[in-house]
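Here's the structure we're looking at; comments come further down.
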Amino acid sequence: MLDLKKIRENPQWVEERLASRGRGYDLQRLQALEHDKRALQSETEILQARRNAISREVGQLKGQGGDASALLVEMQGLGPRLKELEQLLRVKEEEVLAALSELPNLPDETVPPGKDEKENVEQRRWPGVGDPAAKPFTALNHWDIGERLGILDFNAGALVAGARFTVLRGLGARLNRALIQFMLDLHSDEHGYTEVMPPFLVNRESLFGTGQLPKFEEELFAQRDDPLFLIPTAEVPVTNLVRGEIVEEELLPMKFVAWTSCFRREAGAAGRDTRGLIRQHQFDKVELVWITRPEESNAALEQLTRDAEQVLQRLELPHRTVALCTGDLGFAARKTYDLEVWLPGQGCYREISSCSNTGDFQARRMQARVRRKESRKVELLHTLNGSGIAVGRTLVAVLENYQQADGSVVIPDALRPYMGGVDIIRPKG
RNA sequence: GGAGAGAUGACCGAGCGGUUUAAGGUGCACGCCUGGAAAGCGUGUGUACUCCAAAAGGGUACCGAGGGUUCGAAUCCCUCUCUCUCCGCCA
């Protein structure tokens, strides 16, 4: 959520920053609503002040056995009007909040301008320049590899749930679990994150806090009997750990790592990535969340991104890091780096992690603040999140990058401690 | 799921219709005292919005959330949420 004061003081600047996202946002209506709201507020408060004064006097008079009838008459004239104003003010406040909640975050000054993903700017590549060399055989897609090995069963997923669900079998399930454990251990043991195991179902308040509601409800799986939603990412429950809190400055930064399954309806993605594990309704993800002081969030984004890259480097998976351009930024993000992993079967890079600094955008929605050590003043803190990394897509990357000419898949060294002695997955028979 | 108890400021805790502009205590900050410290004494101590060009200084709201009764609600009524205890069920 944006700062209303900033919008009031410098609407043109805010409008320009928003416009850089590629579509215009009209602040006129919001400003008119807010203007009306403040007028109503002034009027209401004057009457409330009078009401309070009268009540006080009535109390005193009655205490002394005096006659308060004149005051009661005045109150009768004032009461209905005040009730009406309070109601109008409440409605107007809700309208202002609703309009404000629809606006996305302002892109950071350092975000490259551009209208879509084609204008994202590559930051670096690993292990070096250029695309990885082609394999000396025809590289298969992961779904072919997985089905031949008997570890990915798309038909079974469709049978028990539906399209975009998959059953992992045998060493496929084991490999998925190995990836989760490897990532959690790396971030908690070596990168200083605190592991968190949050609920997979969250309430509306949490989804509002991180920005999924009210705008993106159609992307969420709702429950029929309870006002709860399956999480689309661990960012929601983990970031909301500080919702409504005033955190002492010395407790920051907080760094959390969480494995969760994630659930997305993919409502707008019909026809895209219909085969394979790339786009599923349910997938596992290890998420990194930072809660920081305002002045350290920019540096935190760089570190968080490096922490995520480290996963790919330990797995020796070729990848690159791109800075999203203004037109490709997500709703809550002020700045985002995407990690893209090389997929030999498709001959291209695919997103496997997205690391964002949301600045105070989510903090304002959550009312999450920091109390400064010196001044004792409170101000909004900053929140960041990033995949560290998407497990399903990492499984895809391992299968495609570690496939051999005979159809087998070698287990990356970093995962072997988690694979119970298995170092290669071979086709059956 | 059933029955009961509860939710008050950073924390503990009183208040149960108008001297509450939320008692008292703890903590914290500052000052006095001291060679220094403790103790003692004194002063201060939330958040949001808003008025004022700003500061100073006002106003309003907030006692789990939302409604209601009343001239007036932390206090009475209704609904909901959460916590605790007991019972039932259950991985």
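Note that this is a predicted model, so its numbers are computed, not measured. Note on naming: letters A, B, ... go to the chains in the order of the sequence lines (proteins, then strands), and numbering restarts at 1 for each one.
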For this session: Between U26(B) and U45(B), how far apart are the C1' atoms? Round to whole Å, please.
Result: 13 Å
Exercise. Which one is paired to A14(B), where only Watson-Crick or G-U wobble pairs with both distances under 3.5 angstrom count?
Worked result: none
For this session: Considering only atom C1', compute the distance from C30(B) to C84(B) and round it to an integer number of Å.
Result: 40 Å
Problem set entry | Who pairs with A61(B) - Watson-Crick or G-U, where each distance is under 3.5 Å | U47(B)
For this session: Just name whichever nucleotide pairs with C33(B), Watson-Crick or G-U, keeping both distances under 3.5 Å, else none.
Result: none
With a 3.5 Å cut-off and sequence neighbours excluded, list the donor-acceptor pairs that the side chains of residues 154-162 of chain A form with protein atoms.
none

For this session: Report which part of the nucleic acid Gln41(A) touches: base, sugar-phosphate, or nothing (heavy-atom distance under 4.0 Å, all strands).
Result: base
Could you tabulate the donor-acceptor pairs under 3.5 Å formed by side-chain atoms of residues 191-200 of chain A, not counting sequence neighbours?
residue	atom	partner	partner atom	Å
His191(A)	ND1	His187(A)	ND1	3.1
Tyr193(A)	OH	Trp290(A)	NE1	2.8
Tyr193(A)	OH	Asp307(A)	OD2	2.6

Exercise. Partners of Arg279(A) by side-chain contact (heavy atoms from CB on, under 4.5 Å), sequence neighbours excluded?
Worked result: Arg164(A), Glu266(A), Ala269(A), Arg272(A), Asp273(A), Arg350(A), Arg393(A)
For this session: Using a 4.0 Å heavy-atom cut-off across all strands, classify Arg8(A) as base, sugar-phosphate, or nothing.
Result: sugar-phosphate
For this session: Mind checking Arg50(A) for me? I need base, sugar-phosphate or nothing, with any heavy atom below 4.0 Å counting as a touch.
Result: nothing
Extract all donor-acceptor atom pairs below 3.5 Å that involve side chains of residues 230-245 of chain A and protein atoms in other chains or at least two apart in sequence.
residue	atom	partner	partner atom	Å
Thr233(A)	OG1	Glu235(A)	N	3.0
Thr233(A)	OG1	Lys285(A)	NZ	2.8
Glu235(A)	OE2	Gln362(A)	NE2	2.8
Glu235(A)	OE2	Asn385(A)	ND2	3.3
Thr239(A)	OG1	Glu235(A)	O	2.6
Asn240(A)	OD1	Arg243(A)	NH1	3.4
Asn240(A)	ND2	Ser206(A)	O	2.8
Asn240(A)	ND2	Val236(A)	O	2.8
Arg243(A)	NH1	Ser206(A)	OG	2.7

Problem set entry | Arg169(A) atom CZ, over 12 foreign heavy atoms within 6.0 Å | no
Exercise. If you measure from the C1' atom in U8(B) to the same atom in A74(B), how many Å do you get, rounded?
Worked result: 7 Å
For this session: Go through the structure and list residues passing salt bridge (Lys or Arg N to Asp or Glu O under 4.0 Å) with Glu302(A), not counting sequence neighbours.
Result: none
Problem set entry | Pairs meeting criterion ring pair (Phe, Tyr, Trp, His ring centres under 6.0 Å) with involvement of residues 1-53 of chain A, two or more places apart | none
Exercise. Distance between the C1' atoms of U75(B) and A14(B), in whole angstroms?
Worked result: 13 Å
Exercise. What residues, two or more places apart in sequence or in another chain, satisfy side-chain hydrogen bond (donor to acceptor under 3.5 Å, both in side chains) together with Trp143(A)?
Worked result: none
Exercise. If the P atom of C51(B) is compared with that of A3(B), how far apart are they to the nearest Å?
Worked result: 50 Å
Exercise. Rounded to the nearest 0.5 Å, how far apart are CE of Met183(A) and CG of Leu288(A)?
Worked result: 10.0 Å
For this session: Specify the residue among Asn52(A) and Arg38(A) whose closest nucleotide of RNA chain B lies further upstream toward the 5′ end.
Result: Arg38(A)
For this session: Let me know, please, whether Lys83(A) or Arg369(A) comes out on the 5' side of the other along RNA chain B by nearest nucleotide.
Result: Arg369(A)
For this session: Extract, from 5' to 3' on RNA chain B, the first and final nucleotides lying under 4.0 angstrom from some heavy atom of chain A.
Result: G18(B) to G72(B)
Exercise. Using the P atom in both, what is the distance from C71(B) to C52(B), to the nearest Å?
Worked result: 34 Å
Exercise. Contacts to RNA chain B from residues 239-250 of chain A, heavy-atom cutoff under 4.0 Å, which residues?
Worked result: none
